[in-house]
Amino acid sequence: MLAAQAQKELTHNEALVVIDALLGGCIEGIASDPGTVDAEEVRAWVVGPSPAGAWADRESHIAISTAGGWRFAPPLAGMRIFDRADGVMRRFDGGEWFGAEAIADPAGGAVVDAEARIALTALLAALREFGLVGAT
């Protein structure tokens with residue numbers, strides 16, 4: 001806030017709304033047009049490709065619906081957020097958002113140990129991608 005700023009409480013309250021939305025760690029989904037989303041207060045979306053309307057030029061930003069209109073938070077490399085629409089964690093790599101890849105259940109094969117190793121390797125790779133376990 002600036003010295004002698006009129007209505008400091010509005011600036012402060014809007015900042016708290018954005019902080020609350022980001023600390024919640026989840027988005028409603030990915031969209032490119034604010035006219036296609038239910039803009040209830042304090043909901044967030046990742047702005048998809050070729051954004052339109054109030055989201056123009058905000059691709060990959062997190063768009064947060066507030067009483068004062070849309071607020072945007074630029075993502076940081078390594079940021080993680082839960083996507084409610086797809087039910088996956090998304091990670092921003094500095095250029096785009098990625099969702100976790102599904103890991104197939106082991107099937108077939110005659111040697112159970114080999115299947116288990118393949119499944120565990122895939123699981124560990126997915127966990128490493130999202131920074132949930134350290135690299136080998």
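Please read all numbers here as calculations on a predicted model, not as lab measurements.
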Next on the checklist: Could you walk me through whether I62 and W45 satisfy the side chain to side chain contact (heavy atoms under 4.5 Å, CB included) test, starting with their C-alpha distance in whole Å, then the side-chain angles of each, then the deciding distance to 0.1 Å, before giving a yes or no?
Outcome noted: CA-CA 6 Å; I62 299 170; W45 290 263; over 6 Å; no
Checklist outcome for this item: For D38, the salt bridge (charged side-chain N to carboxylate O under 4.0 Å, His left out) test, sequence neighbours excluded, returns R43
Checklist entry - Any idea which heavy atoms bring A44 and C26 closest together, and the distance? => result CB-O, 4.2 Å
Next on the checklist: The test is side chain to side chain contact (heavy atoms under 4.5 Å, CB included); show your working for D83 and V46 and say whether it passes.
Outcome noted: CA-CA 9 Å; D83 182 339; V46 164; over 6 Å; no
Checklist outcome for this item: Rounded to the nearest 0.5 angstrom, the CG-CG distance for L127 and L120 is 10.5 Å
Item to check | Pair listing, ring pair (Phe, Tyr, Trp, His ring centres under 6.0 Å) test, anchored in residues 74-94, at least two apart | outcome: F92-W97
Item to check | Minimum heavy-atom distance between S60 and P75, given as atom pair plus value | outcome: O-CG, 3.2 Å
Item to check | Residues which pass salt bridge (charged side-chain N to carboxylate O under 4.0 Å, His left out) with R71, listed by chain and number, not counting sequence neighbours | outcome: E14
Checklist entry - Any chain of hydrophobic side-chain contacts (each under 4.5 Å) joining I27 to M79? => result yes
Checklist entry - How long is the gap from CE on M89 to CZ on R80, to the nearest 0.5 Å? => result 7.0 Å
Item to check | Side-chain cluster (under 4.5 Å, hydrophobic types only) that I19 belongs to, other residues | outcome: L23
Item to check | Under the salt bridge (charged side-chain N to carboxylate O under 4.0 Å, His left out) test, residues paired with D86 that sit two or more places apart | outcome: R90
Distance-only check: which donor-acceptor pairs under 3.5 Å involve side-chain atoms of residues 47-59, not counting sequence neighbours?
none

Checklist entry - Which pair of non-hydrogen atoms, one from V88 and one from G99, has the smallest distance, and what is that distance? => result CG2-CA, 4.3 Å
Checklist entry - Could you state the interatomic distance from CD1 (I81) to CG (L22), rounded to the nearest 0.5 Å? => result 6.5 Å
